[in-house]
Every structure is written in structure tokens, then in C-alpha cells.
Enquirer: 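Following this message is one structure expressed as C-alpha cells.
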Amino acid sequence: MSKTKIVVAFSGGLDTSVMVKWLSHKYDAEIIAATGNLGQRAELENLEEKAKIAGAAKSVVMDLRSEFVNNYVFPALKAGALYERTYPLATAIGRPLLAKMMCDIAIAEGAEVIAHGCTGKGNDQVRFEVGIQALAPSMSILAPLRFWEFKSREEEMNYANLHKIPVKATKDSPYSIDENLWGIAIECGVLEDPTVAPPEDAYQITTNPKFALDNSEEIKLTFEKGIPVGLNGQTYDPVELLELLNEIGGKHGIGRIDMIENRVVGIKSREIYEAPAAVILHYAHNELEKLILDRETFRFKQVISDKVANMIYDGLWFTPLFKSLMVFVDATQENLSGDVTLELYKGNLKVLSRTSPYSLYNMKLATYTNEDTFDHRSSEGFLKIYGLPYKTMSEILQSQKENKVI
Ligand code: ARG
């Protein structure tokens, strides 16, 4: 009988390295290690070798950066998706794509089990498992961290040493870090105490705004149908554009976020994020929407943005409602083309200029000079009717009061 094949979501870190060996022993299984490159800088070197040494029969590393930006990051940007009005959702957007990658690999390899290294109290288990169930309903899912015998990092280290799995000799960072092109999430260690400000060493890609450049920098972003396509008049490939904006924003101390958030499993957690490109692009995109969208669409889209952000956070990317909402979002972006110029200075963003062939801003209507073409007199009739419900109500209350007194 052939061995059970298990596809393991492999990052190259301690947990997933130990998991490869542990699963192959426990289930006498053939392990296929699967890694997606979403633009994380750490741990991508020698991954195939690391997976093999850990006991994998095969290792697959996929460069998903373009797919990530085009099919996950840009839709979230167009939707204005910021969880609890703040977090640009880097990790949350990456998980459905990784779930899809694991399903694709499992199907191609004839595996019937997918394993991941998420803990039992986080959001990522939700995103992986709902994604896998939606895309490949016959797959079994294993999450060893929820039930294996190791109670600490040290115990995992001992197991790794026993089985000659190389783990970094350097003292590990006290933080748990997840990174992709849309941002970095940093938690654990001293960050678990919400009364303590994040120490400087927690931040990975941004300069402290206090020590950022003394000169401000102007950047001009060009959008086409809600998608950023250019910087300072030059066209960029989406991946390159994000890398560049992370670098430019990072050196001006832009994109640092310190927040308490509501997790899917019902607990509050404290996390810090660094997302220079995401913060810059959301800001610019929103400025363009203020210029271009009609009032009702703009207002309704705020409600949808919130809903989309919650659905992404809660692992509901591959669902019918999400798909429908994104059709709405895309429809709103039809005319979302134009330029936004921003000033970056010591952690702050300021809009300097916005322009679009689809701008609804009409100077002749807006001006208070004698160029004004707005029909002031028509406001008289408009206001009589607009205020009518409140006038009627006030009259009734007034007469009720008078009746009582008598
Ligand atoms: N809180 C974020 C989310 O749920 C990030 C989770 C992963 N964070 C980490 N530091 N490993 O999307």
C-alpha cells in the first residue's frame, strides 16, 4: 500500500520544520513541503534543502508575488478594506492564496491531507481551513500545533536536535513575525502587554518617525480603475511598485500601526504592523474616491469597505457574499483613474493635489467668487421641503404641550 501523502504549509521556521518530521513519523506519511513566496524576506533561502533535511520527500516553492498583488492586494485596496478601520490586512489577505496553493499542490500530487502550522487561538487557522474547505472539500486537514506533545519552543528544539533538523543557532527574536509585500505583523514578547510601548527593535522595515529624514518627499501616484500603475510619472510592475513604496514610506517612518484587535476566536490581541505601501496607497486611493465617486456611492462604499474587511479578516474570502461584494467594488472603480500627489514627512502623509478626468469637483459650482454658477435661489424651495418632516414634528409637539397645560 502506498503511503499517505500530506502537503505541509512550510515556512522554513522551527514549527513547520519540526512538523514535517513529526508528521512523517506519526502517520508514516510522505511529506510534500509547500511554500509560497508572497514577498517575505526571511527564511526563503535554501528552503528546498531545509524541507528535505526535515524529512520531506518533496519540496515545492512557488513565487506567488504577482498573483498576490494582482488578485488579492489590489482587490482589497479597491475595496478600501481596513480591519477595524486600521489594519490593512496583509496576513489575512495572504492566507487564502496560500490555502489555494496548498489545494492545487495536493490535487496535483494526489495527496488527501493538508497540514498547517497555525495555533489553536489565532486567525490564520480559520483562514486556511475555511479556504481549504471551500476550494477542496474532500481534503482532510491536520493542525498538529493544536494537539502535539510539545509545550514550548525548547521542547521543539530538543526534538529538532534529536532528529538532526538544523535550527538557527542564533538567539531567536522574541517576536512572532509574519511578512509579505502588503506589510508585516509583529506580536508576542513584550508586545503582549498593551500598557508598554513597542520597543524600537520590534520594528523591522520602518524608521522611527522621530529620526526619519528631515526633508519631506513628494510622490505622485497614478491610478487606473482603482489600481496604482505609476509613480512619479513612471509605470511600474505591481510587485516593484509595492517594494518601492515600502522602501520610500519606510524611510519616512510611514505605516507604523499599534493596535488592539478583535480576533475571530473571541479574544483581543495586541499587534503592531508596518505597512508603508499599504498605508500610502489606501490614503491616496481614498483621496481619489472623494474626488470621483458620487455622494451616495461614496457613502455606501464605506459600509461595504467595513464588511469586506471583516470578511477578509474572518477567513471568508472564497464565499459567495464576498464575491458579490467585490463585483460591487469593481463597479465603483470604473472611473477611478487619476493622479494623487502626497507629501511624506516624519511618519505623516499629506495630500497636496488630486486630479482626474472623471473628477466631479466643479470649480464653477464650488467657488465663492463671482464665477459662481450655483443657483442659490433654488435652495429656498429645497430647504422648505427638506426640513418639512422636522417642522411638522415640532408643530405637533408644540401643540401637545399647549394642550397639556390647559
Ligand atoms: N493579527 C494579524 C491577523 O490576524 C496577524 C496574525 C499573524 N501575526 C504574526 N505576528 N504572526 O491577520
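Just so you know, ligand 1 is whichever comes first in the structure, and atom 1 is the first atom listed for that ligand. These figures come from a predicted structure and were not determined experimentally.
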Enquirer: Kindly print each ligand 1 N/O atom paired with any protein N/O atom under 3.5 angstrom away, one pair per line, or none if nothing qualifies.
Expert:
residue: ligand 1; atom: 1 (N); partner: Glu261; partner atom: OE2; Å: 2.6
residue: ligand 1; atom: 1 (N); partner: Glu271; partner atom: OE1; Å: 2.8
residue: ligand 1; atom: 1 (N); partner: Tyr273; partner atom: OH; Å: 3.0
residue: ligand 1; atom: 4 (O); partner: Asn123; partner atom: ND2; Å: 2.7
residue: ligand 1; atom: 4 (O); partner: Arg127; partner atom: NH1; Å: 3.2
residue: ligand 1; atom: 4 (O); partner: Arg127; partner atom: NH2; Å: 3.0
residue: ligand 1; atom: 8 (N); partner: Glu271; partner atom: OE2; Å: 3.0
residue: ligand 1; atom: 10 (N); partner: Ser176; partner atom: O; Å: 2.8
residue: ligand 1; atom: 10 (N); partner: Ala185; partner atom: O; Å: 3.2
residue: ligand 1; atom: 10 (N); partner: Glu271; partner atom: OE2; Å: 2.8
residue: ligand 1; atom: 11 (N); partner: Ser176; partner atom: OG; Å: 3.0
residue: ligand 1; atom: 12 (O); partner: Tyr87; partner atom: OH; Å: 2.6
residue: ligand 1; atom: 12 (O); partner: Arg127; partner atom: NH1; Å: 2.9
residue: ligand 1; atom: 12 (O); partner: Arg127; partner atom: NH2; Å: 3.1

Enquirer: Are the aromatic ring centres of Trp317 and Tyr72 under 6.0 angstrom apart?
Expert: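 Centroid distance Trp317-Tyr72: below 6.0 Å, so yes.
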
Enquirer: Write out all pairs satisfying side-chain hydrogen bond (donor to acceptor under 3.5 Å, both in side chains) with one or both partners inside residues 330-339, taking only residues at least two apart or from two chains.
Expert: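 For residues 330-339, and leaving out neighbouring residues, the side-chain hydrogen bond (donor to acceptor under 3.5 Å, both in side chains) pairs sorted by first residue read Lys78-Asp330, Thr222-Asp339, Lys225-Glu334, His285-Gln333, Glu289-Gln333.
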
Enquirer: Would you find more than 12 non-hydrogen atoms of other residues, nucleotides or ligands less than 6.0 Å from Lys307 atom NZ?
Expert: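 Check fails, neighbour count at 12 or below.
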
Enquirer: What is the ring orientation for Tyr386 with Phe382, classed by angle as parallel under 30°, tilted 30 to 60°, or perpendicular over 60°?
Expert: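 Parallel, since the angle between the ring planes stays under 30°.
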
Enquirer: Side chains of Asp306 and Arg85: closer than 4.5 Å at any heavy-atom pair?
Expert: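 A side-chain contact exists here, since the closest heavy-atom pair is under 4.5 Å.
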
Enquirer: Could you check whether the rings of Tyr87 and Tyr273 sit parallel, tilted or perpendicular, using 30° and 60° as the cut-offs?
Expert: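 Taking Tyr273 first and then Tyr87, their aromatic rings lie parallel (interplane angle under 30°).
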
